[in-house]
Amino acid sequence: MIGYQDFINLMSNKRSNSFRRAILQGNRRLCNKGLLEESGLSVAQRLIRHMAYETLPREIDRKWFYDNYTGCPPPWFIITVTIVEVAFFVYYGLVLDRFVLQATHPGYLKSNPLVYHPQLRVQAWRYLSYMFMHAGIEHLGVNVALQLLVGVPLEMVHGALRISFVYIAGILAGSLAVSVADMSAPVVGASGGVYALVSAHLANIVMNWSGMKCQFKLLRTAFALICMSFEFGRAVWLRFYPSSYPPCPHPSFVAHLGGVLVGITLGVVILRNYEQRLQDQSLWWIFLAIYIFFVTFAILWNIFAFSLLGVRLPTAPRKPPWI
C-alpha cells in the first residue's frame, strides 16, 4: 500500500524513495513493455522518448518521464539565456567592429557594465553578469552549441528550476574561483555554467554506463570532451597572449574549472535523483555545504585578501574617445 505521504509526493510529482520502491514492486502505473518496444508513436512522442534515453539511466525513470511530460512549460531557461548571450555578442561585435577574438580589441573592457573585473569586484552583479559577454565568436559558438545540445534535453527532463540552479551555481563558482586563483584577471563568458551542465551530464553517463541507452554514447562522450578541451585550450592560450589593454591581462580560464567542480558535485546529485526530493539525499547536503563554504570563503577573500596580500590590481579600464 502507498502511504499518505507518498500519495502527496505523487500529487506533487516528486517521488520519495518509498514511493519509488512501491512503483518498482507493484508496477501499478508503468507497463512492462520497454519504451523502445513501443510502436505507432507520433513524432512528438518519439522525441520525448529520445530525450528520456538521452538523459536517464533507469527504465522506470524513462517511463515516468514519458508518461508525465506535457511540454508545458517548455525549456525556456536555456533558450532565453542563449538568446540574450547572442544578442549581447552581436551588439558588442557591431560596436567594436570585431567578432573573432573580440576580447583582444583595446576597447573590449572599456566601461563594460557586465564583465567581471577585479578592480570592480565590489559591483556584485558582475559575478553573474559576465556570463553574457564572450571573448569571440569561437568562444560563443562552442558554449551555445554545448548548452543547447546538452542543456535543453536536461531542462526538458529535470525542469528549469534544477537546471538553472546548476547553471547559475557554475557561473558564480567560476567568477569566485577567478577572484581567488587568478586575482588580477577579468573573466567573461558562460563557460562556468556550460561546463557545470556538461560535466554533470558526462559524469552521470560514466557512472551509469550500463544503464544509459543513448546511441553512440562512447563517441558522443569523446566528442563532448574534445569540444570542452578545445575551448579550455583556447581560453588558456588567450589568457597568456600579450594583453591588448596592459597592465590588465586577457580574461581568465579558471572559471571553466569552477564550473566543472560544480558539475561533478552538485550537478551529479541533481541528475542522479530524477523526480526525487533532494532533501532526502545526504550527498546533496554535503556538496551544498561545501559549495556554501566555498562561496563564503571567496567573499571573505575578496573583502580582505587583496589588501592583506598587497596584490597590485590593474586600473579599471575606461571608455576610450573613439567608442
Side-chain angles (χ1 to χ4, degrees), residues 13 42-56 61-62 65-66 68-94 99 102 113-115 125 127-175 188-202 204-205 214 220 223-224 227-228 231 255-256 258-260 262-263 266-268 270-271 274-275:
N13 206 30
S42 66
V43 174
Q45 289 174 321
R46 287 198 296 271
L47 176 63
I48 296 172
R49 182 178 65 179
H50 176 73
M51 293 298 108
Y53 278 95
E54 286 290 304
T55 57
L56 297 171
D61 290 334
R62 293 190 282 260
F65 169 70
Y66 178 81
N68 289 276
Y69 184 73
T70 62
C72 184
W76 60 269
F77 174 76
I78 292 295
I79 294 175
T80 301
V81 167
T82 301
I83 292 173
V84 175
E85 289 171 357
V86 172
F88 273 110
F89 176 77
V90 172
Y91 169 76
Y92 277 96
L94 294 174
F99 292 90
Q102 196 177 84
L114 302 176
V115 172
W125 70 84
Y127 290 91
L128 295 177
S129 64
Y130 78 93
M131 63 185 278
F132 298 117
M133 296 294 298
H134 284 79
I137 195 169
E138 65 289 340
H139 186 196
L140 176 74
V142 174
N143 278 353
V144 165
L146 287 175
Q147 72 185 22
L148 289 177
L149 292 174
V150 176
V152 169
L154 288 179
E155 187 176 346
M156 289 177 62
V157 173
H158 296 278
L161 181 61
R162 291 190 173 193
I163 297 306
S164 62
F165 175 82
V166 176
Y167 192 89
I168 298 301
I171 294 292
L172 180 59
S175 57
V188 298
S191 297
V194 173
Y195 274 52
L197 289 180
V198 177
S199 298
H201 182 53
L202 293 181
N204 193 39
I205 291 176
C214 51
R220 292 164 63 180
F223 178 75
C227 289
M228 294 172 68
E231 162 54 23
H256 298 69
V260 170
V262 169
L266 290 173
V268 168
I270 288 176
L271 297 193
Y274 168 69
E275 285 298 337

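Throughout, numbering of the chain's residues begins at 1 and tracks the sequence.
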### Query
Can you name the residues that form a ring-ring contact (aromatic ring centres under 6.0 Å, His included) with Y127, not counting sequence neighbours?
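Listed in chain order: Y116.
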### Query
How would you list, by chain and number, every residue that makes a ring-ring contact (aromatic ring centres under 6.0 Å, His included) with Y92, sequence neighbours excluded?
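Per chain and number, Y92 pairs via ring-ring contact (aromatic ring centres under 6.0 Å, His included) with no residue.
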Between atom [atom1] of [X] and atom [atom2] of [Y], what is the distance when rounded to the nearest 0.5 Å?
X: L266; Y: L271; atom1: CG; atom2: CG; result: 11.0 Å
X: W76; Y: I83; atom1: CH2; atom2: CD1; result: 12.0 Å
X: L114; Y: L128; atom1: CG; atom2: CG; result: 11.5 Å
X: L154; Y: R162; atom1: CG; atom2: CZ; result: 12.5 Å
X: Y53; Y: R62; atom1: OH; atom2: CZ; result: 5.0 Å

Who pairs with [X] by side chain to side chain contact (heavy atoms under 4.5 Å, CB included), at least two apart in sequence or on another chain?
X: V166; value: A196, L197, I270
X: V81; value: F77, E85, M131, Q147, Y167
X: F99; value: F89, L94
X: V86; value: T82, V90, L140, V144

Nearest heavy-atom pair of [X] and [Y]: which atoms, and what distance?
X: E155; Y: A160; result: OE2-CB, 3.3 Å
X: L161; Y: S164; result: O-OG, 3.0 Å
X: S199; Y: G263; result: CB-CA, 4.3 Å
X: I171; Y: Y130; result: O-OH, 2.6 Å
X: G258; Y: A173; result: O-CB, 3.9 Å

### Task
Just jot down the salt bridge (charged side-chain N to carboxylate O under 4.0 Å, His left out) partners of E231, sequence neighbours excluded, or say none.
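Per chain and number, E231 pairs via salt bridge (charged side-chain N to carboxylate O under 4.0 Å, His left out) with R234.
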### Message
Run the salt bridge (charged side-chain N to carboxylate O under 4.0 Å, His left out) test against E54 and tell me which residues pass, sequence neighbours left out.
### Response
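E54 satisfies salt bridge (charged side-chain N to carboxylate O under 4.0 Å, His left out) with R220 only.
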Could you check if a side-chain atom of [X] sits within less than 4.5 angstrom of a side-chain atom of [Y], using non-hydrogen atoms only?
X: V157; Y: Y69; result: no
X: L146; Y: M228; result: yes
X: V142; Y: E138; result: no

### Message
Going by side-chain contact (heavy atoms from CB on, under 4.5 Å), P153 matches just one of H158, M51, H201. Which one?
### Response
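When H158, M51, H201 are each tested with P153, the side-chain contact (heavy atoms from CB on, under 4.5 Å) holds only for M51.
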### Task
Could you tell me which residues satisfy side chain to side chain donor-acceptor pair (under 3.5 Å) with R46, sequence neighbours excluded, listed by chain and number?
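So R46 forms no side chain to side chain donor-acceptor pair (under 3.5 Å) with any residue.
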### Message
The criterion is side chain to side chain donor-acceptor pair (under 3.5 Å); which residues satisfy it with N143, sequence neighbours excluded?
### Response
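For N143, the residues satisfying side chain to side chain donor-acceptor pair (under 3.5 Å) (neighbours in sequence not counted) are H134, H139, S191.
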#### Entry: Side-chain (R49) to main-chain (Y66) donor-acceptor, under 3.5 angstrom
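Between the backbone of Y66 and the side chain of R49 there is no qualifying donor-acceptor contact (under 3.5 Å).
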### Query
Can you tell me if Y195 uses its side chain to pair, donor with acceptor, with the backbone of A255 under 3.5 Å?
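No, because the side chain of Y195 does not come within donor-acceptor range (under 3.5 Å) of the backbone of A255.
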